[in-house]
Amino acid sequence: MDKFFTIDMTDGSSQRRLHLSDPTQGYGLDLGIETGTLESFFSFENRALGTATEQSARFYSDGANWAFEAEIAFETASVMLCETGAATAMGGHRNLQLRARGASSLMDCVQRFVIPKSEVKTARIGTKVIPHKRRNFYHQFPAEEVALTLQSGAVLRFTPDLIPLPKGFAHMVYLRDEPDAWILHFRALALAPDRYVLKGCSRWFNRPVPKAVQNVVFAIPGLRDGLLYIRERLSQRIPFQVNGAVDMMLDDVLELSVRWRVEDA
């Protein structure tokens, strides 16, 4: 019954939270939005992360529906984000539009869900059972249905609406097994990029490698594409990765949408 289902929002100076909870079915979901360039990224949940600048932000919820919009500025991109959503004890939906406010180069855009590991019995992407090994590993595939069977026996079933994306982007989905949570991302990812960068990804070197080194690496046939998102594909322990970005023009739109339903035990 909906009287036990709640939508809570907080909006602090650097962090915000959109949380769905249903103690009857035994789950809590945190919702987020992320988008990134080759240089940095924006997080709806934690504005202190990355170097993006958020302006003219509005975040609203009436307990059943919510809306968020903001102008996000990066070094190489300027976009408007606008998400609307609604949820009940039976399920919900989210629609996110990203509109370029000028020439912009983007790596990805994400609709994010986070659920405690302790609340989930099994996780599937399509027919693939995804184990939780506390590895923070990206189990990433072309976007399809995701099913989370809860300890209560209920099932959260997520279905992406595969709206056509700007050229160069592809619809992807991943489950990531953080030590205490499942991270679920429905993602538009630059799989056929216009731009590439080789970046160090360690505590002692977390920035693009010198351009001269990149030119040498990218001149080796097949190596650039082989290193594209290699940390996501193989292991977060690899200390480098090639990232890619798609060029978007003024008023180009990228749209993500996902629906979910709650199936009783």
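Note that the structure is a prediction, hence the values are computed from the model and not measured. Residues take their numbers from the sequence shown, with the count starting at 1.
One distance of note links CZ of R231 with CG of N243; it measures 9.5 Å at 0.5 Å rounding. Note: Q241 CD to I230 CD1 = 8.0 Å, rounded to the nearest 0.5 Å. In this structure, NE2 on H93 lies 7.5 Å from OG on S257, to the nearest 0.5 angstrom. Atom OG1 in T84 sits 12.5 Å away from atom OH in Y60 (nearest 0.5 Å).
Contact of the L96 side chain with the I33 side chain is registered, since non-hydrogen atoms from C-beta on lie closer than 4.5 Å. Looking only at side-chain heavy atoms (C-beta outward), I7 and L18 come within less than 4.5 Å of each other. Contact check for L148 versus F158: side-chain heavy atoms found under the 4.5 Å cut-off. F186 has its side chain within reach of V146: a pair of non-hydrogen atoms, C-beta onward, lies under 4.5 Å apart. Taking the side chain as every heavy atom from C-beta outward, Q140 and L189 approach each other to under 4.5 Å. For the pair L81 and Q97, the minimum side-chain heavy-atom distance is 4.5 Å or more. Under the 4.5 Å side-chain criterion, counting only non-hydrogen atoms from C-beta, L98 is not in contact with V253. Residues F42 and L49 have side chains not in contact (no heavy-atom distance under 4.5 Å, counting atoms from C-beta outward).
Here S40 pairs with T51 under the side chain to side chain donor-acceptor pair (under 3.5 Å) rule; sequence neighbours left out. Annotation: side chain to side chain donor-acceptor pair (under 3.5 Å) contacts of Q151 (sequence neighbours excluded): none. Every residue two or more places apart in sequence or in another chain was checked for a side chain to side chain donor-acceptor pair (under 3.5 Å) with Y138, and none qualifies.
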task = Would you please test R101 and D252 for salt bridge (Lys or Arg N to Asp or Glu O under 4.0 Å) and show each step?
result = CA-CA 8 Å; R101 301 180 67 241; D252 282 352; over 6 Å; no

key: Full working for side-chain hydrogen bond (donor to acceptor under 3.5 Å, both in side chains) between Q111 and E83   = CA-CA 9 Å; Q111 288 183 303; E83 176 171 280; 3.1 Å; yes

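For the pair R99 and E71, the salt-bridge criterion is not met [side-chain N within less than 4.0 Å of a carboxylate O]. The pair R157-E263 counts as a salt bridge, with a side-chain nitrogen and a carboxylate oxygen less than 4.0 angstrom apart. Ion pair D161/R94 not flagged as a salt bridge, since none of the NZ, NE, NH1 or NH2 atoms sits closer than 4.0 Å to an Asp/Glu carboxylate oxygen. Remark: R176 engages E178 in a salt bridge, criterion side-chain N to carboxylate O under 4.0 Å. The pair R195-D247 counts as a salt bridge, with a side-chain nitrogen and a carboxylate oxygen less than 4.0 angstrom apart. The pair R187-E232 meets the salt-bridge criterion, with a side-chain N (NZ, NE, NH1 or NH2) lying under 4.0 Å from an Asp/Glu carboxylate O. Between E145 and R259 there is no salt bridge, since none of the side-chain N atoms of the basic residue sits less than 4.0 Å from a carboxylate O of the acidic one.
Note on L162 and V258: separate hydrophobic clusters, where clusters join Ile, Leu, Val, Met, Phe, Trp and Tyr whose side-chain heavy atoms are under 4.5 Å apart, directly or indirectly. Two different hydrophobic clusters hold M172 and I183 under the rule that ILVMFWY side chains link at heavy-atom gaps under 4.5 Å. F240 and L38 fall into different hydrophobic clusters, where Ile, Leu, Val, Met, Phe, Trp and Tyr residues are linked whenever their side-chain heavy atoms come under 4.5 Å apart, directly or through other members. The cluster map of Ile, Leu, Val, Met, Phe, Trp and Tyr, joined by side-chain heavy atoms under 4.5 Å apart, puts I238 and L227 in the same cluster. Residue L20 is grouped with residue I115 when hydrophobic side chains (ILVMFWY) are merged at heavy-atom distances under 4.5 angstrom, including chains of intermediate members.
The backbone N or O of V173 sits nowhere less than 3.5 Å from a side-chain atom of H139 that would complete a donor-acceptor pair. The main-chain N or O of V120 is never found under 3.5 Å from a side-chain atom of Y27 such that the two would form a donor-acceptor pair. Using modelled atom types, no side-chain atom of N206 and backbone atom of C201 make a donor-acceptor pair closer than 3.5 Å. Between the side chain of E54 and the backbone N or O of I72, no donor-acceptor pair lies under 3.5 Å. Side-chain atoms of R224 never come within 3.5 Å of backbone atoms of F218 as a donor-acceptor pair (strictly under, hydrogens ignored). No donor-acceptor distance shorter than 3.5 angstrom exists from the side chain of R124 to the backbone of A147, with no hydrogens or angles considered. Side-chain N or O atoms of T37 include none that pairs as donor or acceptor with a backbone N or O of L106 at under 3.5 Å. With D11 contributing its side chain and R16 its backbone, the two residues share no donor-acceptor pair below 3.5 Å. Between the side chain of Q236 and the backbone N or O of N136 there is no donor-acceptor pair closer than 3.5 Å. Remark: the backbone N or O of N65 is paired with a side-chain donor or acceptor of S61 at under 3.5 angstrom.
The ring of F44 has its center closer than 6.0 angstrom to the ring center of F59. Ring centroids of F113 and W260 are separated by less than 6.0 Å, placing the two rings close together. Under the 6.0 Å cut-off for aromatic ring centres, F141 and Y174 do not qualify, their centroids lying 6.0 Å or more apart.
More than 12 heavy atoms of other residues, nucleotides or ligands sit less than 6.0 Å from atom NZ of K128.
Put simply, the residue from T10, D8, D30 that forms a side chain to side chain donor-acceptor pair (under 3.5 Å) with R17 is D30.
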